[in-house]
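The sequence lines fix the lettering, A, B, ..., with proteins before strands; numbering per chain opens at 1.
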Amino acid sequence: AQKVTQAQTEISVVEKEDVTLDCVYETRDTTYYLFWYKQPPSGELVFLIRRNSFDEQNEISGRYSWNFQKSTSSFNFTITASQVVDSAVYFCALTTGANSKLTFGKGITLSVRP
Amino acid sequence: GAGVSQTPSNKVTEKGKYVELRCDPISGHTALYWYRQSLGQGPEFLIYFQGTGAADDSGLPNDRFFAVRPEGSVSTLKIQRTERGDSAVYLCASSFRVRETQYFGPGTRLLVL
């Protein structure tokens with residue numbers, strides 16, 4: 001069985017603050033893929049990043065960065081200099097080499113105040 | 001290009017009625033997925049198709065739920081004898097191949113009165 005835990009439920013920051021969203025996963029498969037999706041108030045899930053289990057390199061894309069650590073089964077997401085437009089629900093998700101279905105965490109509601 | 005589209009965007013029905021929800025995947029994507037999202041929760045897997053066949057339907061909650069993808073493109077999720085507990089947002093996603101990134105549609109918000 002696979003599981004994704006997002007222990008933080010709601011985070012509120014002031015614009016320009018940095019914020020880190022935590023994600024811990026569980027799987028017995030050695031081949032797996034980790035994802036982050038953003039769900040703004042409009043409701044549509046927007047893909048942010050996909051990482052496979054063999055690539056532990058951290059990734060940076062503009063103000064977004066991701067830290068993948070197999071030793072702690074974590075795949076954390078940091079937003080640098082947050083903006084009001086970053087306000088959304090963020091989901092971490094997992095799929096394995098054995099099947100294609102995504103297992104999602106419960107999501108973290110991020111509010112960025114001006 | 002066009003993303004995943006879903007119709008209708010909203011559906012209100014009465015308990016006991018039959019509903020059909022439609023998903024049009026990104027052109028050329030061979031895999032199609034259905035998820036259900038209840039308020040305040042993450043999406044939960046229902047079923048996925050590789051081509052025309054259902055590769056995994058383990059997430060369908062009971063036999064009132066059924067999905068088809070007869071020509072390997074558009075898919076329809078069918079719910080018989082709807083119950084109030086079926087109220088949720090039904091999300092469709094597609095990927096170029098299985099195990100690749102899934103791109104989601106805007107969802108159909110189903111309300112069963």
Side-chain angles (χ1 to χ4, degrees), chain A residues 1-10 21-25 27 29-55 59 61 66 75 88-110, chain B residues 2-10 23 25-26 29-51 53-61 67 69 88-111:
Chain A
Q2 52 205 53
K3 185 178 177 183
V4 174
T5 302
Q6 295 182 263
Q8 303 152 310
T9 52
E10 293 185 24
L21 311 181
D22 298 334
C23 173
V24 173
Y25 62 91
T27 178
D29 288 276
T30 55
T31 301
Y32 53 89
Y33 305 89
L34 295 162
F35 299 81
W36 278 93
Y37 285 86
K38 174 182 180 180
Q39 190 171 44
S42 60
E44 191 158 344
L45 277 163
V46 176
F47 165 72
L48 295 178
I49 190 170
R50 174 180 188 258
R51 215 79 184 121
N52 74 58
S53 52
F54 300 109
D55 183 2
E59 180 150 343
S61 175
W66 290 269
F75 186 45
V89 181
Y90 290 87
F91 291 97
C92 181
L94 165 73
T95 188
T96 72
N99 65 66
S100 197
K101 58 185 178 185
L102 282 168
T103 298
F104 285 84
K106 291 191 173 182
I108 301 168
T109 300
L110 174 64
Chain B
V4 177
S5 62
Q6 293 186 246
T7 54
S9 52
N10 290 281
C23 173
I26 293 171
H29 280 195
T30 62
L32 183 148
Y33 311 78
W34 285 98
Y35 295 83
R36 179 167 73 173
Q37 186 176 21
S38 300
L39 199 61
Q41 301 295 315
E44 292 180 328
F45 170 77
L46 295 176
I47 184 172
Y48 89 88
F49 292 86
Q50 188 171 351
D56 183 348
D57 65 357
S58 61
L60 295 177
R69 194 186 185 200
V89 177
Y90 289 81
L91 296 167
C92 178
S94 69
S95 63
F96 183 64
R97 285 187 296 253
V98 293
R99 286 184 284 279
E100 294 193 358
T101 298
Q102 297 177 29
Y103 296 92
F104 283 80
T108 293
R109 189 174 301 273
L110 176 66
L111 178 60

**OP:** Supply the atom-to-atom distance A:Ser100 OG to B:Phe49 CZ, rounded to the nearest 0.5 angstrom.
**Re:** 13.5 Å
Original post:
Is it true that A:Tyr37 and B:Phe104 have ring centroids separated by less than 6.0 Å?
Top reply: yes
Original post:
In terms of heavy-atom pairs under 4.5 Å with chain A, which of B:Pro43, B:Ser58, B:Ala31 leads?
Top reply: B:Pro43
Subject >> Verdict with supporting geometry, A:Leu102 and B:Tyr35, side chain to side chain contact (heavy atoms under 4.5 Å, CB included) >> reply: CA-CA 9 Å; A:Leu102 282 168; B:Tyr35 295 83; 3.3 Å; yes
Original post:
Does atom CD of A:Gln8 have more than 12 heavy-atom neighbours, drawn from other residues, nucleotides or ligands, at distances under 6.0 Å?
Top reply: yes
Original post:
Is it the backbone or the side chain of A:Thr96 that comes under 4.5 Å from a heavy atom of chain B, or both, or neither?
Top reply: backbone
Original post:
Is B:Arg99 atom CZ crowded by more than 12 heavy atoms from other residues, nucleotides or ligands, each under 6.0 Å away?
Top reply: yes
Original post:
What part of A:Gln39 is in contact with chain B, defined as an atom under 4.5 angstrom from a non-hydrogen atom: side chain, backbone, both or neither?
Top reply: side chain
Original post:
What pair of heavy atoms forms the shortest contact from A:Arg50 to B:Thr101, and how long is it?
Top reply: CD-OG1, 3.0 Å
Subject >> Residue list, side-chain hydrogen bond (donor to acceptor under 3.5 Å, both in side chains) with B:Thr108, at least two apart or on another chain >> reply: none
Subject >> Heavy-atom closest pair, residues A:Phe91 and B:Gln37 >> reply: CZ-NE2, 3.4 Å
Original post:
Quick one: OH on B:Tyr33 to OG1 on A:Thr95, what's the gap to the nearest 0.5 Å?
Top reply: 7.0 Å
Subject >> Gap separating the NZ atom of A:Lys101 from the CG atom of B:Leu46, nearest 0.5 angstrom >> reply: 10.5 Å
**OP:** Would you mind telling me which of B:Ser95, B:Gly105, B:Gly107 has the largest number of heavy-atom pairs within less than 4.5 Å of chain A?
**Re:** B:Gly105
Original post:
What distance separates A:Tyr33 OH from B:Glu100 CD, expressed to the nearest 0.5 Å?
Top reply: 8.5 Å
Original post:
If you count the non-hydrogen atoms of other residues, nucleotides and ligands that lie under 6.0 Å from NZ in A:Lys106, is the total more than 12?
Top reply: no
**OP:** Please state whether the side chain, the backbone, both or neither of B:Ile47 comes within less than 4.5 Å of a heavy atom of chain A.
**Re:** neither
